[in-house]
Amino acid sequence: MSKQVARFCTIGASFVMLFTLYGCAVSTDEILVENQNAYIEALKNVQPGGTIKLADGVWEDFEILFTGIGTAEKPITLTAQTKGKVILSGQSNLRLAGEHLIVSGLVFKDGYTPTSEVVSFRRNNEELANNSRITEVVIDNYNQPERYEVDFWVLMYGKNNRFDHNHLVGKRNKGVTMAVRLNTIDSQENHHRIDHNYFGPRPILGSNGGETLRIGTSHYSRTNSFTIVENNYFDRSDGELEIISNKSGRNTFRNNTFYQSRGTLTMRHGNNNLVEGNVFFGNGADHTGGIRVINGGQTILNNYMEGLKGTRFGGAFVVMNGVPNSPINRYDQVKDANISRNTIVNSDNIQLAAGSDAERSAAPVDSRFANNLIFNADGRDTFTIYDDVSGIDFSDNIIGRAAPNSLGYGFKVMDINMSRAENSLLYPEDNGIENVGVSRDLKPTSKDATGVDWYPKAEPLIAFSSGQTIEVQPEEGALFNAVQAAKAGDILLLVPGHYVVSKFLKLDKPLTFKGADDVHISYERSTLFQIEDGGSLQLINLNISGADAPDNAGNSVIRTSPYAMLQNYRLEIIDTSFSDLDVNHSFNVMTVAKGTFADQILVRNSTFADVTGAVFKLDKESDDFGIYNAEYLTIGNSTFDNIKGALVDFYRGGTDESTFGPHFSLQNSTLSNVGSGKRNKSKSSMQLHGVQVTDMSGNIFKDSRPFLINHTVGEPKTRITKNKFVATPAPLVSELNSGLAPTAVLQDNEGINP
Ligand code: CA
């Protein structure tokens, strides 16, 4: 349709015949626009009850300002010619201001907002949207190119707005995915409704600022919001330790599903909130949590939690201690909490009076914990009690299987069996148990019931070795060409021989390099593999030599892009040997750049010999912003011999407690002569600064420098057990900020004093 016709479409009913003549298949109060100028014209002319349709296609750099005054009966609508076929890309965004506006059917992808919001329910500080609705809008990987540049995908202002059936997936840069703001009186007591949205996978950010939904801020947290959050699906919302951060009063969180999401629904600030009928499935994944209760008047009713592995504040169910007369940004005491009819099954941690310390000394008061069902198939006690909980009235709770409990009253221990009902939840088989645990008619919100049906809820990762196997010969350029031609998930199967690689192998997709048998690789550039955005690398059964690398300092075998990367990557090294990384100094196995993040680095059955630098150099986030370079570094059954630098330099600075990682595990491995190089600044064989979880066992440390472990925040868990130290000093552990005595557990180690 031409631009002229688009304009004519505004005029009126008497032109219906004319429109038909021109092939204008829209009704009189619909205006189809094909470009930004036409949109601006249409907006000037649109009347209450009218609809502006954006023509199908890609709209580049379109900062949509949608303003108008509709009525409840005659709202003004902005929608797509065909839902899902209107793509806002490049530097596009959407602002709404006015009354009774509806936006639907748009897709934001392939770009990022030039402002700090993709979708905002306001034009500016003065002009807000009220009684308006955004529905069936998709925001897919619409991220700032810089990982730590903050923006928000959706900010709700005004009153009585609804955000429903939207699909938000793949926020990878810093900043809450969606927030409700209460920063002026016109946005308080707002009665917004956020429902039936699909909050798709959000990967680990590796810093604070990765919440999926926040309501309020600490500053306005004693203000009521009256926001309803219901029937949403949170799918692997892993950004940081708060999935939802509630920071205002009188909100309702009802019937949401949390599927395998790291973190908790945190009632961080604000009073008198209702958390009811929510379902948490942890599937046994690390750091999956449930509900964390803080402040007064909270009701936690009829929620179901299963398979949650979270610990500490990230546990399945946590009631915190408060600060007496707390400042607004700290912890208000739990008071008048009603915690009833919840089921917590096969989950690791229930914590009461959590966080009790000299500052957080106000234990919960005037609260009840009644008719809850707690069941663990293995019968273990999952309660940890940190302070006086006599201010909680425990009654009519049931603990399944003869679990001991540290409370001694208010719980009936029963040897029950659980079976799965049609609604996919576990219930006791014993029909005599009534009014304990979640109700039989609780209906979990399914993924299908959320988002839109015209946009796929795709899996976030392509697994290694999930594609085709492509045979590669040891011929000039063959490996480089194979990488270019391969598809994500493919396996490059290297036939036996010696491969000399003369170009960088740059990876922007997950690929596996697998040696069929005796495969040797050497290379002539400063690195062999470069992992770029979208790339991941798996090495299996290879022998990699640095002997042909240039005679310069600072080579590596694997490195990330030298620029910040939005996408997290994975690296797996299996049955592979590395040698002769010694043509010059500071030759690392793995070098990462600032602003890059590995979900997982895994090493199994591999050997590393004669390295002049470090094996894993993960220390580029030195600003102490609480950012780090890798979530998990997991090493097993491997050998490190004659390494001048450290096996690992791991750095997570800052003193905030917003991340679960980094994690480091070293099992059944041998270190010989590691860390002695004069350029090794830490003078250690391993430097773990701010690592949250460390587990080393069954290793042999020979002729090596000591490890240096700095605990910086929270309660890091460090376990060093059943290792053998030969001519290697004991680990040096220090607590930098907590004032605590060293908390590392050193047990059953040979060759050092315990
Ligand atoms: Ca946070």
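Both counts, for ligands and for their atoms, begin at 1 and track the order of listing. Sequential numbering from 1 along the given sequence is applied to the chain's residues. Remember, predicted model here, so these are calculated numbers, not experimental data.
With Lys171 as the fixed residue, the side-chain hydrogen bond (donor to acceptor under 3.5 Å, both in side chains) test singles out one of Thr212, Asp151, Asn143: Asp151.
Ring geometry, Phe383 versus Phe369: the interplanar angle exceeds 60°, so the pair is classed perpendicular (tilted spans 30 to 60°). Ring pair Phe597/Tyr628 is perpendicular by interplanar angle, where above 60° counts as perpendicular and below 30° as parallel.
You'll find the ring centres of Tyr112 and Tyr142 outside the 6.0 Å limit.
At a cut-off of 3.0 Å, measuring from the Ca ion (ligand 1), the protein N, O or S atoms that fall short of it are Asn208 OD1, Glu211 OE2, Glu240 OE1, Glu240 OE2, Glu242 OE1, waters left aside.
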Going through the distances and angles, do Thr712 and His689 end up as a side-chain hydrogen bond (donor to acceptor under 3.5 Å, both in side chains)? CA-CA 7 Å; Thr712 56; His689 181 97; 5.2 Å; no
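Judged by distance alone, the side chains of Asp140 and Tyr455 do bring a donor and an acceptor atom under 3.5 Å apart.
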